Amino acid sequence: MTRPPLEVADLIRAAGTAFIERNRQWLRWTHIKVLLAIARCRTAALGGHIDACTRCGHRAAISYNSCRNRHCPKCQTGARERWIQARRRELLPTPYVHVVFTLPPQLASLALQNKKLIYTLLLRASAETLLEVARNPRHLGAEIGFFSVLHTWNQKLQIHPHVHCVIPAGGLSPDRTRWIRSHPRFFLPIHVLRRVFRGKFVDGLKSAFQQGQLHLSGNLALLAQPKIFASWLPAIVSKTLDRLLQTTVRWSGVCAPLPRSLYPPCSHFQPPTDFLRRQPGHLSLARLRSQ
């Protein structure tokens with residue numbers, strides 16, 4: 001693949017210093033460390049090495065060293081491929097479905113001030129929702145397995161917390177003696193997933209507030225008062241917003257088979273690892289995002 005005209009590293013070198021100066025009120029040293037590592041990756045700042053053939057003595061051009069930071073889009077390509085190959089070995093001979101759980105935009109500011117808490121709650125609530133709804137005999141009546149990928153922004157790099165879940169279209173029976181396959185065109189009811197997920201997330205948010213775990217400052221400072229928080233939270237789950245959630249598919253998003261592709265023995269489903277390869281995945285930045 002040819003090098004694009006601009007990479008994330010180029011943008012950081014050009015505007016990184018000004019960005020850090022403007023945002024020192026919330027940037028931590030860990031953030032700055034990542035920016036510095038990406039800017040210096042594969043440049044003379046990290047030194048270099050020359051590869052030589054031990055038989056003929058031929059020497060290649062100098063290669064600058066990598067930063068090896070886990071967030072660097074250049075350094076993590078190999079690690080991503082190894083991770084995908086490991087997941088490929090775990091695939092079951094069954095179709096897979098793709099479910100997305102999304103938080104409404106009204107919670108974006110809260111997520112920015114409480115990243116670890118909100119993202120942990122998002123992952124836990126979505127996982128518990130899938131397990132609980134799938135166990136219900138009215139829906140699937142099976143014990144399912146899945147993996148989840150957290151995304152914290154959208155394609156426009158705006159805050160947009162959501163979780164992608166890739167799930168085999170079926171599960172083990174309660175006695176773990178047989179495989180229960182879901183309907184070929186239907187996995188789990190969206191309206192039930194939405195309702196259960198919303199309830200679990202809101203309950204977790206209430207508990208975090210009562211235990212003093214939420215950081216509320218700036219435009220959220222007033223929410224630190226229990227009465228104001230108690231009146232604000234119901235608005236997130238009000239009937240008006242609930243209608244908005246149903247039309248914009250918030251709280252719980254798509255629940256559909258992965259796209260068509262040649263995928264033996266289920267030739268009408270695409271391998272979930274191919275879906276992951278198209279995502280930034282566990283990388284925080286995509287190398288070509290600057291395009």
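Everything quoted here is computed from the prediction, not taken from an experiment.
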- request: Please step through side-chain hydrogen bond (donor to acceptor under 3.5 Å, both in side chains) for the pair His151 and His160, ending with a clear verdict.
  value: CA-CA 8 Å; His151 285 185; His160 182 65; over 6 Å; no
- request: Applying side chain to side chain contact (heavy atoms under 4.5 Å, CB included), run through Phe146 and Leu130 and close with a yes or a no.
  value: CA-CA 9 Å; Phe146 53 90; Leu130 287 171; 4.1 Å; yes
task: Decide yes or no on side chain to side chain contact (heavy atoms under 4.5 Å, CB included) for Arg124 and Thr120, but give the supporting numbers first.
output: CA-CA 6 Å; Arg124 184 173 67 244; Thr120 299; 3.9 Å; yes
- request: Go through the steps for Trp29 and Val34 under the test side chain to side chain contact (heavy atoms under 4.5 Å, CB included), then give the verdict.
  value: CA-CA 9 Å; Trp29 167 241; Val34 170; over 6 Å; no
query: Are Leu103 and Phe201 close enough, and set up right, to give a side chain to side chain contact (heavy atoms under 4.5 Å, CB included), and what steps lead you there?
result: CA-CA 9 Å; Leu103 295 184; Phe201 189 89; 3.7 Å; yes
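Counting heavy atoms from C-beta on, the side chains of Cys41 and Asn69 never come closer than 4.5 Å. The side-chain heavy atoms of Asn114 and Tyr119, taken from C-beta on, include no pair separated by under 4.5 Å. A 4.5 Å side-chain heavy-atom check between Val100 and Val163 finds every atom pair outside the cut-off. For the pair Ile159/Trp153, no side-chain contact is recorded, criterion being any heavy-atom separation below 4.5 Å from C-beta on. Side-chain contact between Cys72 and Ser66: absent, with no pair of heavy atoms (C-beta onward) separated by less than 4.5 Å. Residues Thr152 and His162 are not in side-chain contact: their nearest non-hydrogen atoms beyond the backbone lie 4.5 Å or more apart. Side-chain atoms of Ser126 and Phe197, non-hydrogen and from C-beta on, do get closer than 4.5 Å to each other. Side-chain contact between Ser63 and Asp51 is present, with heavy atoms from C-beta onward closer than 4.5 Å.
For the pair Arg24 and Glu21, the salt-bridge criterion is met [side-chain N within less than 4.0 Å of a carboxylate O]. For the pair Lys200 and Asp203, the salt-bridge criterion is not met [side-chain N within less than 4.0 Å of a carboxylate O].
Nearest heavy atoms, Pro168 versus Trp179: CB-CH2, 4.1 Å. Between Leu205 and Leu121, the shortest heavy-atom distance links the atoms N-CD2, 3.7 Å. Nearest approach of Cys165 to Ser148, heavy atoms of both residues: SG-OG, 3.5 Å. In plain terms, the two heavy atoms of Gly48 and Asn65 that are nearest each other are N-ND2, 3.6 Å. For Thr43 against Ala39, the heavy-atom pair with the smallest separation is CG2-O, 3.9 Å. The two residues Phe101 and Leu122 make their nearest non-hydrogen contact at O-CD1, 4.3 Å.
Applying the side chain to side chain contact (heavy atoms under 4.5 Å, CB included) test between Pro189 and each of Arg138, His139, Arg194 identifies His139 as the sole match.
A distance-only check finds no donor-acceptor pair linking the side chain of Asn23 to the backbone of Ile20 [under 3.5 Å]. Without hydrogens or angle criteria, Arg40 side chain to Leu46 main chain gives no donor-acceptor distance under 3.5 Å.
Considering CG of Leu223 and CG of Leu216, their distance stands at 5.5 Å, rounded to 0.5 Å. Atom NE2 of residue His183 and atom CG of residue Leu140 lie 12.5 Å apart, to the nearest 0.5 angstrom. Here Ile118 contributes atom CD1 and Leu112 contributes atom CG; the two are 10.5 Å apart, rounded to the nearest 0.5 Å. In this structure, CZ on Phe209 lies 7.5 Å from CG on Leu214, to the nearest 0.5 angstrom. To the nearest 0.5 angstrom, Arg198 atom CZ is 11.0 Å from Thr129 atom OG1. Ile167 CD1 to Ile144 CD1: the interatomic distance, rounded to the nearest 0.5 Å, is 5.0 Å.
Counting only residues at least two apart or on different chains, the side-chain hydrogen bond (donor to acceptor under 3.5 Å, both in side chains) pairs with a member in residues 205-219 are Gln113-Ser217, Ser207-Gln211, Gln211-Gln213, His215-Ser217.
In the hydrophobic clustering of this structure, Ile38 does not group with Tyr64; members are Ile, Leu, Val, Met, Phe, Trp, Tyr whose side-chain heavy atoms approach within less than 4.5 Å, directly or through other members.
A perpendicular orientation is assigned to the rings of Phe19 and Trp26, their planes being inclined by more than 60° (bins at 30° and 60°).
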